[in-house]
> 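Okay, here's the structure, questions in a sec.
Ligands are counted one by one from 1 in listed order, and the atoms in each one are counted from 1 as well. Computation of the quantities below employed the complete heavy-atom set of this structure, encompassing side-chain atoms and omitting hydrogens, waters and symmetry-equivalent molecules.
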Amino acid sequence: MTSQGRDDPTSEAAYFGRRRLLSMAPGLIALASGSGCEGPASARALQPVRAARSTRFSVDRAITPASIAGRYNNFYEFGPDKEAVAERARRMQTEGWTVELAGLVDRPARFDLDQLARLMPIEERVYRFRCVEAWAMVVPWTGFPLRALLEHVGVKSDARFVRFETFGRSHGVGAPGFETQSWYPWPYVEALRLDEAMNELTLLATGLYGRALPPQHGAPIRLVVPWKYGFKSIKSVVRIELTRTQPVTFWNGLEPREYGFFANVDPLTPHPRWSQATHRWIDTGSRSPTKIYNGYGGFVAQLYPAGPSARR
Ligand code: MTE
């Protein structure tokens, strides 16, 4: 893992310094999603986002430094090398990005990021994040509950699943070209059961470390489901569709034995090729026991009466 210089604009010190500035001078700094954000994706990523931190989601561990989280990314559209993603994703084009709400909804709609920032209750939440590859981090997302957006468009009574799609060649945003370089079945698709999508933990994130979401973390908007393995937290979403039947998803469709549809964090059910009993923190390299539902059982255990892995 590469280390960053002192003046890295996304370093943790810069993050906390900026938070102090925000609290001292409210109103002086515009919301990232307000007007005046034209410019390349890299400039957008530096825009601060002002949002109060929720106290409902406390975490008993220090926040992972931004410089480490931002240099160790899974974003296969930019290749399989985690440490190369940040550099390659700088080319991402997020201007004019919209998110389409489609399928079994009362009011199909398309929103740009400014509209979402105006309509949705933006807050900051510090969540643990656990990858299926047995590494973990703790990061402060800013965003809004997916439930708020689904309620805004109205969910039809026969909807059972929510399907999410990342940019692809035809979307005109993102990084057309990269995703065609391999045999993977692009675009990346993920899905949740409707009750999972409506759970209060399920977040659509538009920011991280008090700024707009950087490209390598899934700019400009991504899903965060902290009780599931990280591959469920799809990045750079362009389309959200309510469906009656369970959608085919990217990793589950490729390797169903290794990547379940539900993919709830479960230390007692090993991956076919490695144990899930512990994880490695990407900042310190130390290991900790993995908790069932990644420690979020109080929020989600009732969704799975037969346990986290009864249906993988
Ligand atoms: N979303 C897309 N579109 N493409 C991806 O390759 N990788 C997933 C998830 N979302 C992925 C994705 C995996 S495997 C993980 S662990 C997380 O993103 C990593 O998120 P991070 O880079 O912000 O830590």
> Does ligand 1 have any atom that is closer than 4.0 Å to a heavy atom of Gly218?
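For ligand 1, residue contact (heavy atoms, under 4.0 Å) with Gly218 is absent.
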> Which residue owns the protein heavy atom closest to atom 4 (N) of ligand 1, what's the atom, and how far is it?
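Going by distance alone, atom 4 (N) of ligand 1 is nearest to Glu77 OE1, 2.8 Å.
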> So Glu83 and Tyr72, do their side chains get closer than 4.5 Å, heavy atoms only?
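The answer is yes, as the side chains (C-beta and beyond) meet within the 4.5 Å cut-off.
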> What's the separation between atom CD1 in Ile221 and atom OG1 in Thr166, rounded to the nearest 0.5 Å?
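Answer for the CD1-OG1 pair, Ile221 versus Thr166, is 11.5 Å.
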> Could you go step by step and tell me if Glu200 and Arg56 meet the salt bridge (charged side-chain N to carboxylate O under 4.0 Å, His left out) rule?
CA-CA 11 Å; Glu200 71 168 307; Arg56 273 182 67 67; 2.5 Å; yes
> For ligand 1, is there an atom lying under 4.0 Å from some heavy atom of Phe129?
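Contact check Phe129 vs ligand 1: positive.
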> Say you draw a straight line from CG of Leu119 to CZ of Phe111; how long is it, rounded to the nearest 0.5 Å?
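The distance works out to 6.5 Å.
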> Can you list the atoms of ligand 1 that are under 4.0 Å from a heavy atom of Ser233?
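Numbered from 1, ligand 1 contributes 9 (C), 10 (N), 18 (O).
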> Atoms of ligand 1 less than 4.0 Å from Thr166 heavy atoms?
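In order of number, 3 (N).
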> Quick check on side chain to side chain donor-acceptor pair (under 3.5 Å): which of Tyr296, Tyr304, Tyr127 does Trp227 satisfy it with?
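Only match with Trp227 under side chain to side chain donor-acceptor pair (under 3.5 Å): Tyr304.
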> Determine yes or no for a side-chain-to-main-chain donor-acceptor pair under 3.5 angstrom, with Glu123 supplying the side chain and Ala51 the backbone.
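No.
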> Arg163 side chain to Pro247 main-chain N or O, any donor-acceptor pair under 3.5 Å?
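Checking the backbone N and O of Pro247 against the side chain of Arg163, no donor-acceptor pair under 3.5 Å is found.
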> Enumerate the atoms of ligand 1 whose separation from the nearest heavy atom of Asn73 is less than 4.0 angstrom.
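Result: 21 (P), 22 (O).
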> If you have a sec, work out which protein heavy atom is nearest atom 8 (C) of ligand 1 and how many Å separate them, to one decimal?
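The closest heavy atom on the protein side is Tyr188 OH, 3.5 Å.
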> Do any N or O atoms from the side chain of Thr202 and from the backbone of Glu196 form a donor-acceptor pair under 3.5 angstrom?
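Here the side-chain-to-backbone pair exists.
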> Hey, looking at atom 23 (O) of ligand 1, which of Gln216, Arg222, Lys232 has the closest heavy atom?
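Checking each option, the heavy atom nearest atom 23 (O) of ligand 1 is found in Arg222.
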> Under 3.5 Å between some N or O of ligand 1 and some N or O of Tyr76?
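Yes, Tyr76 has an N/O under 3.5 Å of an N/O on ligand 1.
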> Purely on distance, is any nitrogen or oxygen of Trp251 under 3.5 Å from one on ligand 1?
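No, no N or O pair falls under 3.5 Å.
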> Are Tyr76 and Trp251 an aromatic pair by the rule of ring centers under 6.0 Å?
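Centroid distance Tyr76-Trp251: below 6.0 Å, so yes.
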> Note the single closest protein heavy atom to atom 7 (N) of ligand 1, along with its residue, its atom name and the distance in Å.
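So the nearest neighbour among protein heavy atoms is Asn74 O, 3.2 Å.
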> What is the ring orientation for His279 with Trp281, classed by angle as parallel under 30°, tilted 30 to 60°, or perpendicular over 60°?
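Aromatic pair His279/Trp281 classed perpendicular.
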> Met137 near ligand 1, heavy-atom distance under 4.0 Å?
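Heavy atoms of Met137 do come under 4.0 Å of ligand 1.
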> If we only count N/O pairs under 3.5 Å, is Tyr72 in contact with ligand 1?
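No, no N or O pair falls under 3.5 Å.
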> Using a strict cut-off of 4.0 Å, indicate which atoms of ligand 1 neighbour a heavy atom of Cys131.
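Listed by number with element: 16 (S).
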> What is the nearest protein non-hydrogen atom to atom 21 (P) of ligand 1, stated with its residue, atom name and distance?
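Here the closest protein heavy atom is Lys235 NZ, 3.4 Å.
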